[in-house]
Amino acid sequence: MIRSTPGRSPQSASGAACLSCLALGYVAAAPPEGFATWEAWQTHLKVPEDEWDDGAFIEDPDHGRPGISFLTVPEPKVVKNRMHVDVHVGGGRHVPFEARWPRVQAMVDTLVAAGGILLRVDATDGRPDHVTMADPEGNEFDVL
């Protein structure tokens, strides 16, 4: 999903996603399984319509690399990253936890070994949901 809104800067979620598609050879992601459109998925999750342009999701057309989502955050950041990045390795929240979470843990272990910093594990309904990490420069991202 890349929603292109006229006048959006390259720092917007859709702008960053478009640049990343070019740089990585990715494409705009198809809606999640079971949904004909991203709007149908967002409606199902009760995302307010005024927030529908706050994110973008791209994927490897060959499905060999993780999907990436870009989320615009409401507050300005006074240092480095002004865009929140999610690295999708678990297969999506529709994938059973028992299959999804080991994938997340494996990627976190790989990134920590490469110098990434584990900041916290966030839970939903009493289960780990995603891991917030930072690169060595302090730029935060989530692995889910």
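Throughout, numbering of the chain's residues begins at 1 and tracks the sequence.
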Undergrad: List the steps, then state whether side chain to side chain contact (heavy atoms under 4.5 Å, CB included) holds for H130 with T124.
TA: CA-CA 9 Å; H130 62 275; T124 300; 5.6 Å; no
Undergrad: Which atom pair, heavy atoms only, marks the closest approach of A36 to P31?
TA: O-CG, 3.6 Å
Undergrad: Without swapping roles, check the side chain of W38 against the backbone of A29 for a donor-acceptor pair under 3.5 Å.
TA: yes
Undergrad: A side-chain contact here means heavy atoms from C-beta on lying under 4.5 Å apart; do I58 and F70 qualify?
TA: yes
Undergrad: Drop me the distance from L144's CG to D86's CG, to the nearest 0.5 angstrom.
TA: 5.0 Å
Undergrad: A side-chain contact here means heavy atoms from C-beta on lying under 4.5 Å apart; do V27 and E59 qualify?
TA: yes
Undergrad: Say you draw a straight line from CG of L45 to CZ of F35; how long is it, rounded to the nearest 0.5 Å?
TA: 6.5 Å
Undergrad: Sequence neighbours left out, cut at 3.5 Å: what donor-acceptor pairs do the side chains of residues 104-111 make with other protein atoms?
TA:
unit_1 : atom_1 : unit_2 : atom_2 : d
T110   : OG1    : A106   : O      : 3.0

Undergrad: Enter the distance from F141:CZ to L71:CG here, rounded to the nearest 0.5 Å.
TA: 14.0 Å
Undergrad: Taking all non-hydrogen atoms of both residues, which atom of R65 and which atom of D60 are closest, and how far apart?
TA: N-OD2, 3.0 Å
Undergrad: Per the side chain to side chain donor-acceptor pair (under 3.5 Å) rule, what does the pair list look like for residues 90-103, sequence neighbours excluded?
TA: R93-D129, E98-R127
Undergrad: How are the rings of H88 and F57 set relative to one another: parallel (under 30°), tilted (30 to 60°) or perpendicular (over 60°)?
TA: perpendicular
Undergrad: In terms of hydrophobic clustering (I, L, V, M, F, W, Y; side-chain heavy atoms under 4.5 Å; direct or indirect links), are V143 and V95 co-clustered?
TA: no
Undergrad: Is there a side-chain contact between Q42 and T37, using heavy atoms and a 4.5 Å cut-off?
TA: no
Undergrad: Taking all heavy atoms of A123 and all of G126, pick out the closest pair and write down the distance.
TA: CB-C, 4.5 Å
